[in-house]
Amino acid sequence: MAVSFYSVVVDAHDLPSQARFWCRVLDWAVLFEADGEIVIGADKDAVPGITFVPVPEEKAVKNRLHIDLAPDDQAVEVARIIGLGATRLDFGQAADAGWVVLADPEGNEFCVLRPKNSLID
């Protein structure tokens, strides 16, 4: 049986706002929108995408799963993404850590890494 990574599903209160934030961060587009679901991606045929679904409860604890972004220039991207509405978080990571922890407008943590050339560098 073959399987592929299709989508990350994010629980959200304000689906349109979350979709717009992540579209600006990733330079993606809204591909599908309904009352209970918004799908964004680079292209309708490019996977994975991100799907936002509504939930009534507030986020209560640190994410068990998060997105890592690999930019060409970490400092420039951190500043740009904060300008889009993200906030910087401190989980006690060392000053020389290879990542910066940010939260999207609804508090979901994600990391901006130092530039990467592969999945194992």
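Identified under the salt bridge (Lys or Arg N to Asp or Glu O under 4.0 Å) test for residues 111-121, with sequence neighbours left out: none. The salt bridge (Lys or Arg N to Asp or Glu O under 4.0 Å) analysis of residues 92-113, with sequence neighbours excluded, yields the pairs Lys59-Glu109. Listed by first and then second residue, the salt bridge (Lys or Arg N to Asp or Glu O under 4.0 Å) pairs involving residues 70-83 are Glu77-Arg80 (not counting sequence neighbours). Applying the ring-ring contact (aromatic ring centres under 6.0 Å, His included) rule to pairs touching residues 54-98 yields nothing, sequence neighbours excluded. Screening residues 25-43 for side-chain hydrogen bond (donor to acceptor under 3.5 Å, both in side chains) gives no qualifying pairs among residues at least two apart or on separate chains.
There is no path of hydrophobic side-chain contacts, each under 4.5 Å, that joins Phe5 to Leu65. Both Leu15 and Val8 belong to a common hydrophobic cluster when Ile, Leu, Val, Met, Phe, Trp and Tyr are linked at side-chain heavy-atom distances under 4.5 angstrom. Leu26 and Val100 end up in the same hydrophobic cluster when Ile, Leu, Val, Met, Phe, Trp and Tyr side chains are linked at under 4.5 Å. Side-chain heavy atoms closer than 4.5 Å link hydrophobic residues (I, L, V, M, F, W, Y) into clusters, and following such links, even through other members, never connects Val55 to Phe52. Clustering ILVMFWY residues whenever any of their side-chain heavy atoms sit less than 4.5 angstrom apart, transitively, puts Val78 in a cluster other than the one holding Val101.
Partner of Cys23 under the side chain to side chain contact (heavy atoms under 4.5 Å, CB included) criterion, chosen from Leu31, Leu84, Ile40: Ile40.
Residues His13 and Gln18 have side chains not in contact (no heavy-atom distance under 4.5 Å, counting atoms from C-beta outward). Contact check for Pro71 versus Val76: no side-chain heavy atoms found under the 4.5 Å cut-off. The shortest side-chain heavy-atom distance between Trp99 and Leu69 does not fall under the 4.5 Å cut-off. A heavy-atom distance below 4.5 Å is found between the side chains of Val53 and Asp11.
Rounded to the nearest 0.5 Å, atoms CH2 (Trp22) and CZ (Phe110) are 4.0 Å apart. Note that the CD1 atom of Ile67 and the CG atom of Leu102 stand 12.0 Å from one another [nearest 0.5 Å].
The minimum heavy-atom distance linking Gly36 with Pro54 is given by the pair O-CD, 3.2 Å. Of all the heavy atoms in Ala46 and Ala42, the pair that sits closest is CB-CB, 4.3 Å.
In this view, Ser7 and Thr51 satisfy the side-chain hydrogen bond (donor to acceptor under 3.5 Å, both in side chains) rule, not counting sequence neighbours.
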